Amino acid sequence: MDNMNIRPVTKNDIPQLLDLMCQYIVDFYKRPRPSKDSLSNLVNNLIDNPREGLQFVAEKDNES
C-alpha cells in the first residue's frame, strides 16, 4: 500500500504549483487566466511569508 506524505511547499515545487493554481483559478472559479508573473509572485510571497497562508504538497510514497 502506498503512503501519502504531506509537506509544506518549497521553491522546487513552484513549476508544478503554478500549473495547478492556474487550472484551479480558470476551471473551478471560471476566472481569466492570471499572468505567470502574478502567480509566481503570489506563490513566492506565501513561501516567504507563511503567516499570509500555507500551501502543502501531498506526495505518494512509492516504497512497497
Side-chain angles (χ1 to χ4, degrees):
M1 178 181 203
D2 291 335
N3 291 321
M4 190 68 59
N5 296 316
I6 299 174
R7 61 172 176 76
V9 167
T10 67
K11 298 221 182 223
N12 291 334
D13 299 310
I14 291 175
Q16 295 90 347
L17 187 59
L18 292 179
D19 186 49
L20 179 64
M21 288 178 71
C22 196
Q23 289 176 40
Y24 186 62
I25 291 166
V26 173
D27 296 339
F28 182 78
Y29 283 108
K30 306 295 185 207
R31 304 299 302 162
R33 180 177 294 276
S35 72
K36 187 173 182 176
D37 285 342
S38 66
L39 275 181
S40 292
N41 290 338
L42 172 62
V43 172
N44 280 300
N45 185 54
L46 292 173
I47 291 171
D48 294 338
N49 301 290
R51 296 182 102 192
E52 299 293 323
L54 296 173
Q55 295 178 316
F56 294 92
V57 172
E59 297 175 312
K60 215 185 248 188
D61 183 7
N62 291 323
E63 289 184 18
S64 299

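The structure displayed is predicted, hence computed values, not measured ones.
- Here the shortest heavy-atom pairing between Lys30 and Asp27 reads NZ-O, 2.9 Å.
- Using modelled atom types, one finds no donor on one side chain facing an acceptor on the other under 3.5 Å when comparing Asn5 with Lys60.
- Residues Arg33 and Ile25 fail the side-chain proximity criterion, which asks for heavy atoms closer than 4.5 Å.
- When hydrophobic clusters are built by joining Ile, Leu, Val, Met, Phe, Trp and Tyr residues whose side-chain heavy atoms come closer than 4.5 Å, directly or via intermediates, Ile6 is grouped together with Leu54.
- At least one side-chain heavy atom of Ile47 sits less than 4.5 Å from a side-chain heavy atom of Val9.
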For Asp13 and Arg7, run salt bridge (Lys or Arg N to Asp or Glu O under 4.0 Å): C-alpha distance rounded to whole Å, both residues' side-chain angles, the deciding distance at 0.1 Å, then the answer.
CA-CA 11 Å; Asp13 299 310; Arg7 61 172 176 76; 2.8 Å; yes
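- In this structure a side-chain-to-backbone donor-acceptor pair under 3.5 Å is missing from Asn45 to Asn41.
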Please test Asp61 against Met4 for side-chain contact (heavy atoms from CB on, under 4.5 Å), starting from the C-alpha separation and ending with a verdict.
CA-CA 6 Å; Asp61 183 7; Met4 190 68 59; over 6 Å; no
Could you walk me through whether Asp48 and Lys11 pass the salt bridge (Lys or Arg N to Asp or Glu O under 4.0 Å) test, one step at a time?
CA-CA 10 Å; Asp48 294 338; Lys11 298 221 182 223; 3.3 Å; yes
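- Summarising the geometry, atom CG belonging to Leu42 is positioned 10.0 Å from atom CD belonging to Glu52; distances are rounded to the nearest 0.5 Å.
- Looking only at side-chain heavy atoms (C-beta outward), Gln55 and Val43 come within less than 4.5 Å of each other.
- Proximity of Asn44 to Ile14: side-chain heavy atoms (C-beta onward) are separated by under 4.5 Å at one or more points.
- Side chains of Cys22 and Leu39 form a contact here, defined as non-hydrogen atoms less than 4.5 Å apart.
- For the residue pair Leu18 and Ser40, the shortest heavy atom distance occurs at CD1-OG, 3.4 Å.
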